[in-house]
Number of protein chains: 2
Amino acid sequence: MPSLPSGLLGDLDPTSDRAVFRQIADQLREAIDRGRFKEGEKLPSEAELVEHYGVSRMTVRNSFSVLQGEGLVHAEHGKGVFVRPRPPVRRLASDRFARRHREQGKSAFIVEADAAGSHPQVDSLEVKEEKASQDVSNRLGSVRRVLARRRRYLLDGRPVEFATSYLPLDIARGTPIAEPNPGPGGIYARLEELGHRLDHFEEEIRARMPSPDEVRTLRLASGVPVIHLIRTAFDQEGRAVEVCDTVMAADAYVLSYQLPAT
Amino acid sequence: MPSLPSGLLGDLDPTSDRAVFRQIADQLREAIDRGRFKEGEKLPSEAELVEHYGVSRMTVRNSFSVLQGEGLVHAEHGKGVFVRPRPPVRRLASDRFARRHREQGKSAFIVEADAAGSHPQVDSLEVKEEKASQDVSNRLGSVRRVLARRRRYLLDGRPVEFATSYLPLDIARGTPIAEPNPGPGGIYARLEELGHRLDHFEEEIRARMPSPDEVRTLRLASGVPVIHLIRTAFDQEGRAVEVCDTVMAADAYVLSYQLPAT
DNA sequence: CTTGCCCACTCGTCTATACGAGTAAGCGTG
DNA sequence: CACGCTTACTCGTATAGACGAGTGGGCAAG
């Protein structure tokens with residue numbers, strides 16, 4: 001086994017109160033922060049660190065699991081442990097639903113991704129009528145059944161977002177909104193054509209760790225939280241006409257809002 | 001040792017491909033989701049699970065670490081492993097900086113927390129001049145040095161947010177803004193008095209796992225991400241007059257924005 | 001009754017070992 | 001040359017054991 005380049009990592013301090021696996025994690029973290037290990041680069045293998053520090057393998061693995069929990073590194077079976085590369089982020093601006101962005105034939109996601117030079121995809125399209133959850137029902141004003149439109153967004157093959165739109169049946173049933181492809185400008189354009197002129201949106205934002213389901217759907221690395229965004233669209237009569245529930249890989253997004261100082 | 005109530009948790013499936021520690025984590029997760037273990041309640045001890053499943057202790061600990069990473073449970077040394085209670089959340093509305101909220105003597109944080117029946121505190125107050133980071137300098141329009149105002153917010157003794165405001169020296173030096181207590185209405189009120197009538201704010205939102213520093217400052221449990229919010233305040237001349245960098249415990253916040261449909 | 005100690009139970013850290021399984025490169029065979 | 005096998009290296013899973021340290025209840029001494 002090739003031994004570690006000396007100087008890359010320090011020694012342990014046996015007099016320290018700090019647990020050994022934490023000391024090792026600290027040294028690796030610092031080396032990563034200082035750029036000694038670059039994005040996507042392979043860290044020393046478990047065996048190398050075992051030898052370098054003179055500890056058991058479980059201790060080294062424990063260190064790695066700390067860094068994984070921080071989202072700094074990820075392990076690949078059979079290959080090694082790598083510094084997690086920061087993916088390109090998608091910026092969501094607060095004017096992204098402005099009418100002027102709705103004129104084109106393609107969806108905002110596609111247009112924007114093309115402009116950014118990445119390859120966008122939308123899949124897992126599902127459109128069906130179903131019972132409204134309590135939360136959705138409350139937001140839409142006590143409806144019992146809704147039209148649900150589910151879809152998953154991918155950038156360069158990587159899933160980044162999973163979204164479900166809920167619409168009251170009396171608005172959506174039998175309209176293009178109930179079709180897999182609602183046509184140019186998306187469902188907001190259709191809603192306006194149907195006489196529901198949009199007035200404003202409300203967005204609620206939370207961040208949390210993903211459920212196992214979300215880990216699978218978004219193929220999330222460990223240590224990556226999700227941003228959970230719930231948007232409600234209101235028409236000019238003040239009626240909630242759509243609720244969109246979106247779960248985004250947090251490392252792929254920056255949300256941006258503009259607030260008046262009123 | 002008291003044995004586990006039967007029926008609470010199932011058995012392992014030795015034919016399954018799924019790793020044993022994942023099966024155990026799955027069963028515990030499901031029991032929590034079903035409300036068999038309530039918020040704040042103690043899970044079976046490691047020893048009890050070792051006996052129940054007939055596995056080694058490290059395997060049980062591995063299961064717990066999965067659930068910890070998901071933010072579902074937290075361990076307390078000497079006591080046990082508990083279902084993590086959902087703390088009361090603080091809702092931040094997009095009109096929270098409206099002038100009408102600025103009239104009172106107390107800060108928005110204090111007023112709001114009092115209204116919600118919780119006990120608010122602000123500490124770690126630090127006000128000093130320092131070199132602007134590259135990012136802050138860019139946002140403020142190439143300033144070299146800034147006034148930095150740091151403070152930590154607590155609710156019922158629990159730290160929930162750590163914020164730093166940066167202001168250009170030519171605006172803030174020698175004004176009440178450079179005092180620990182800037183007076184009624186906060187620094188936004190002072191900025192307006194100084195002739196910088198505020199026009200709008202820009203907020204950038206990210207979510208990520210906390211750094212070890214942030215874990216300490218916010219006393220974060222493992223499996224709790226942070227929301228990182230960077231707000232820039234612009235005056236009516238279009239000049240950026242303040243940048244506020246805020247790190248929030250994600251389990252304590254819901255952000256809420258209102259967007260025009262324009 | 002109060003104080004202080006002990007003990008049982010809890011999780012935290014660490015060692016040593018074993019086998020399984022994914023990866024990639026080298027090497028030999030056809 | 002192309003294919004498939006072997007092999008070495010990687011991380012994944014699991015066992016068994018040891019000691020440390022925080023917590024809280026019970027018990028004994030004062």
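The sequence lines fix the lettering, A, B, ..., with proteins before strands; numbering per chain opens at 1. Because the structure is a prediction, the values reported are computed rather than measured.
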Could you tell me how far apart [X] ([atom1]) and [N] ([atom2]) are, to the nearest whole angstrom?
| X | N | atom1 | atom2 | result |
| --- | --- | --- | --- | --- |
| B:Arg22 | D:dT13 | CZ | C1' | 10 Å |
| A:His77 | C:dA21 | NE2 | C1' | 5 Å |
| B:Leu12 | D:dA14 | CG | P | 9 Å |
| B:Asp17 | D:dT13 | CG | P | 12 Å |
| A:Lys42 | C:dT23 | NZ | C1' | 12 Å |
| A:Glu76 | D:dC9 | CD | P | 20 Å |
| A:Phe82 | C:dT23 | CZ | C1' | 10 Å |
| B:Asn62 | D:dG12 | CG | P | 11 Å |

- Task: Grab the two heavy atoms, one from B:Ser118 and one from B:Leu155, that are nearest each other, plus how far apart they are.
- Result: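 B:Ser118 and B:Leu155 have their closest heavy atoms at OG-CD2, 4.2 Å.
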- Query: Looking only at heavy atoms, what is the nearest atom pair of A:Arg150 and A:Glu130, with distance?
  - Reply: NH2-OE1, 2.6 Å
Between [X] and [N], is there a contact of a side-chain N or O with OP1 or OP2 at under 4.0 Å?
| X | N | result |
| --- | --- | --- |
| A:Thr59 | C:dT15 | yes |
| B:Arg61 | C:dG12 | yes |
| B:Ser45 | C:dT10 | yes |

Which of these nucleotides, [options], is closest to any side-chain atom of [X]?
| X | options | answer |
| --- | --- | --- |
| B:Ala19 | D:dA14, D:dG12, C:dC11 | D:dA14 |
| B:Arg57 | D:dC11, D:dC19, C:dA16 | D:dC19 |
| A:Ser56 | C:dC14, C:dT10, D:dA14 | C:dC14 |
| B:Phe21 | C:dG12, D:dC11, D:dT13 | D:dT13 |
| B:Met58 | D:dG17, D:dA14, C:dG12 | D:dG17 |

- Message: When you compare the side chains of A:Asp245 and A:His228, does any donor N or O come within less than 3.5 Å of an acceptor on the partner?
- Response: yes
- Query: Taking atom types as modelled and ignoring hydrogens, do the side chains of B:Ser133 and B:Asp135 form a donor-acceptor contact shorter than 3.5 angstrom?
  - Reply: no
- Assign each of A:Lys79 and B:Glu46 to its nearest nucleotide of DNA chain C by heavy atoms, then name whichever residue's nucleotide is nearer the 5' end.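 Its nearest nucleotide lies further toward 5', so the answer is B:Glu46.
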Sub-3.5 Å pairs of nitrogen or oxygen atoms, protein against nucleotides 4-8 of chain D:
none

- Item | A:Glu204 with B:Arg91: basic N within carboxylate O range, under 4.0 Å | yes
- Message: Which label fits B:Tyr257 and A:Tyr257: parallel for a plane angle under 30°, tilted from 30 to 60°, or perpendicular past 60°?
- Response: parallel
- Item | Residues in ring pair (Phe, Tyr, Trp, His ring centres under 6.0 Å) contact with A:Tyr166, at least two apart in sequence or another chain |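 A:Tyr166 satisfies ring pair (Phe, Tyr, Trp, His ring centres under 6.0 Å) with no other residue.
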